[in-house]
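Have a look at the structure below, then the notes.
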Number of protein chains: 2
Amino acid sequence: MWRSCGAGVRAVVAHGLCRVPPTDLAVPNAGWSVAMREQFQHLLRRAADGSWRRIPSYRRGLDHLPEVLQMVVGPVTGPGPRLFLRNLDAEGAGFEYAIFLHASGHRTQCLCQLGPYLEGHHGFAHGGAIATLIDTTVGTCALAVAKTSVVTAKLSISYLAPMPVGAVVVADSCMERHEGRKIFLSCHVRDTKGDTLYAEATALFIQVEDTKPSLAACP
Amino acid sequence: MWRSCGAGVRAVVAHGLCRVPPTDLAVPNAGWSVAMREQFQHLLRRAADGSWRRIPSYRRGLDHLPEVLQMVVGPVTGPGPRLFLRNLDAEGAGFEYAIFLHASGHRTQCLCQLGPYLEGHHGFAHGGAIATLIDTTVGTCALAVAKTSVVTAKLSISYLAPMPVGAVVVADSCMERHEGRKIFLSCHVRDTKGDTLYAEATALFIQVEDTKPSLAACP
């Protein structure tokens, strides 16, 4: 339940607590490189005609789903869980990213800068960090397709080139087919110029019917 | 080059800097649950006959490779890159883990507690966090097999059951075959009792010949 709860601030009332909306982190901060900022502006300009839209991103997964907050037992403020990709406070240290959803609802692009706290081999992003970027990009696409919760069932990744930490990349995901509760997707991760294909992947997501959160919950 | 560099402390001299050895983080801390501590002690007892050994783990990937530190340009102290799985300071918030290597050199087991900063869906570990655990476990096994650097080439994961944050699990990896520079591995992630199979995976790693670091560098 969203309602006014203070001087011009929209807030959600849950269990008697008045909570201000969470901070959207899918916007530039001091940790973004010039290349990251330029590509972000490019994607914003592309979105101006309505063909794409930027998806907000918050510190906690639960913050994406205000209607679920009302069902959560216990306070919703204070320390607690964090979304894996947003668990670092230092700007630029970890994942800095913004996801764009195509108007078709069947394609997502995640612009991402992989910081120095995501290292595997010295100077390069950890394979698990790349898997996390891919899982998030295809998962957001699957969520848009399903319009209800989805879970990762299978994820197959081919790592084709080492990705330096600090790199700015675009993970581009498409739905390939939708069979009942199964959503099959593909993903390619390239540098912003498209010259280097770092990784490609396929994924299977399963719709989960027992909860109703969806991207529609995002402003 | 390792040599004495202070009052009883072994340290590495690199570029004129005297550096104390890094802290091994693959040991109990205040963030470990009772279940995590008990299973760790169980695995230590099993290792007492020499059939397994615990692998140290450090904040930075580079700390695993003291011989490489000598070749690194610039200071080796101060803020800088961090290993993806060790990038959080708060004990118990992220990955808490210890990897054990079988005497055969062809099998690893990673005992891991997945903290609340690794969340995907509310209350459950992110698919990328599980992928990261698996990549690290199979990668350590591949490194032991290759006795030289390895890189992830392919990783295919089936997610079979949702993994609650706070869960203590064991990722168990084996080398399946070794063909030239290719190392094929499997991995299963279960709860400590073996009742729940959370995920299973296959992986292909490639030996990289141009660097020489290996687990032999670990004490």
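Letters A, B, ... are given to chains in the order of the sequence lines, protein chains preceding strands, and every chain is numbered from 1.
Of the atoms belonging to Val138(A), not a single heavy atom falls under 4.5 Å from chain B. Heavy atoms closer than 4.5 Å to chain B are found in the side chain of Leu85(A), but not in its backbone. In this structure, chain B has a heavy atom under 4.5 Å from the side chain of Phe95(A), while its backbone stays farther away.
Heavy-atom pairs under 4.5 Å with chain A were tallied for Gly127(B), Ala129(B), Gly123(B), Gly94(B); the largest tally goes to Ala129(B). Ranking Asp89(B), Thr152(B), Ile134(B) against chain A, the residue ahead of the rest is Thr152(B), based on heavy-atom pairs under 4.5 Å. Ranked by heavy-atom pairs under 4.5 Å with chain A, the first of Leu160(B), Ile206(B), Leu155(B) is Leu155(B).
In this structure, Arg59(A) contributes its side chain and Leu88(A) its backbone to a donor-acceptor pair below 3.5 Å. In this structure, the side chain of His178(B) engages the main chain of Gly180(B) through a donor-acceptor pair within 3.5 Å.
Note on ring orientation: taking the six-membered ring where Trp is involved, the planes of Phe84(A) and Phe84(B) are tilted (angle from 30° to 60°).
Scanning both residues, Pro116(A) and Val165(A), for their nearest heavy atoms gives CA-CB, 4.2 Å. Of all non-hydrogen atoms in Leu83(A) and Tyr97(A), the two that sit nearest each other are CD2-OH, 3.7 Å.
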